[in-house]
Amino acid sequence: MKNKTTSPATEAELWERACGLREKTLGHLAAEMGIELPPHFKREKGWIGQLLERVLGASAGSLAKPDFPHLGIELKTLPLKSNGKPKESTYISMVPLMNTSLLTWTSSDVYHKLHRILWIPYFFDTAISPYHWHFSQPILWSPSVEEEAVLKQDWQDLMSLVQLGQLDQIHARLGEYLQIRPKAMNAAVRTKGIGQDGTKIQTSPLGFYLRTSFTEKIVL
DNA sequence: GCGTGATCATGG
DNA sequence: CCATGATCACGC
């Protein structure tokens, strides 16, 4: 992708740009940026997110950052079903598996990423070409006090399993708003973690995700 | 290998 | 139909 928008100076400017996306099609937006949809669209799972980074002027690439560092705002695309509800869970960040003893909720990646999010919803529909998919009304969101209390509890519960060497007991059914699922190229990928006896083991990389039922409350 | 962007594909 | 567990692409 070639064209890249300059970074928005203020939250208001970012919001203006985001609202300009409303009702636009994916194909139209790509054309404006001088790029084409990839031929194997299904395999390029992050393509829309990366397009929006460019369109809205987010910081480059895969650095560990909020997408808009000076604004403290994270950018997330959100696929919607035809009924307007989210189709998928939302990836937030990797689960730290080593050296987590001093980590707290407010010092965690999850806390910082969820502090403020610009959601760009779009209608996901495999019955038509992705070229014709429409963006919807953007949402600038921060968790309520009540929501953050639950998120914090989920994070603490899940992280305690990580710290206690109980990785084998972690699965996606745990957590009310937050869940942990694999996050890797495939199931053969290994990283270091804490095992049952407290020693270092090789294990699968994991990620924190927001449940679809939680993001549904955001878009409704 | 790790972290960014996520959705895919199948079993229940 | 749906969430879980698995997977895809890319930068460095």
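Below, all heavy atoms of this structure are taken into account, side chains as well, without hydrogens, waters or symmetry copies. Residue numbers begin at 1 in each chain, while the letters A, B, ... track the order of the sequences.
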Inset, instruction - Verify whether one side chain among A:His28 and A:Glu32 offers a donor that lies under 3.5 Å from an acceptor in the other. - result: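 Indeed, the side chains of A:His28 and A:Glu32 share at least one donor-acceptor pair under 3.5 Å.
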
Legend entry - Distance below 4.0 Å between A:Arg43 side-chain N/O and B:dA6 OP1 or OP2: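 Negative; the distance criterion is not met.
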
Inset, instruction - Would you mind telling me which residue lines up with the more 5' stretch of DNA chain C, A:Leu174 or A:Asn186, judged by nearest nucleotide? - result: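 Nearer the 5' end of the strand: A:Leu174.
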
Inset, instruction - Using heavy atoms to find the nearest nucleotide of DNA chain C for A:Ala188 and A:Thr212 separately, return the residue whose nucleotide is more 5′. - result: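 Mapping each residue to its closest nucleotide by heavy atoms, the 5'-most match is A:Thr212.
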
Over all strands shown, is [X] touching base, sugar-phosphate only, or nothing at heavy-atom distances under 4.0 angstrom?
{"X": "A:Pro79", "answer": "sugar-phosphate"}
{"X": "A:Lys183", "answer": "base"}
{"X": "A:Gly46", "answer": "base"}
{"X": "A:Gln202", "answer": "nothing"}
{"X": "A:Thr191", "answer": "sugar-phosphate"}

Between [atom2] on [N] and [atom1] on [X], what's the gap in Å once rounded to a whole number?
{"X": "A:Glu53", "N": "C:dA9", "atom1": "CD", "atom2": "C1'", "value": "13 Å"}
{"X": "A:Arg181", "N": "B:dT10", "atom1": "CZ", "atom2": "P", "value": "16 Å"}
{"X": "A:Lys45", "N": "C:dC10", "atom1": "NZ", "atom2": "P", "value": "13 Å"}
{"X": "A:His171", "N": "C:dA6", "atom1": "NE2", "atom2": "P", "value": "14 Å"}

Inset, instruction - Please work out whether the ring planes of A:Phe124 and A:Trp133 are parallel, tilted or perpendicular, with thresholds of 30° and 60°. - result: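 Aromatic pair A:Phe124/A:Trp133 classed tilted.
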
Inset, instruction - To the nearest 0.5 Å, tell me how far A:Gln179 CD sits from A:Leu158 CG. - result: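 Reported value, rounded in 0.5 Å steps: 9.5 Å.
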
Legend entry - Closest to the A:Gln50 side chain, choosing from B:dG5, C:dG5, B:dA9: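 Nearest to the side chain of A:Gln50 among the choices is B:dG5.
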
Legend entry - Proximity to the side chain of A:Arg173 - top-ranked nucleotide from C:dG5, C:dA6, B:dA6: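 Given the options C:dG5, C:dA6, B:dA6, the side chain of A:Arg173 is closest to C:dG5.
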
Inset, instruction - Could you pick out which residue, A:Leu78 or A:Met94, lies toward the 5' side of DNA chain B when each is mapped onto its nearest nucleotide? - result: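 The residue mapped nearer the 5' terminus is A:Met94.
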
Legend entry - side chain to side chain donor-acceptor pair (under 3.5 Å) partner of A:Glu148, the single match among A:Tyr111, A:Tyr177, A:Trp105: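 Testing A:Glu148 for a side chain to side chain donor-acceptor pair (under 3.5 Å) against A:Tyr111, A:Tyr177, A:Trp105 leaves exactly one candidate, A:Trp105.
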
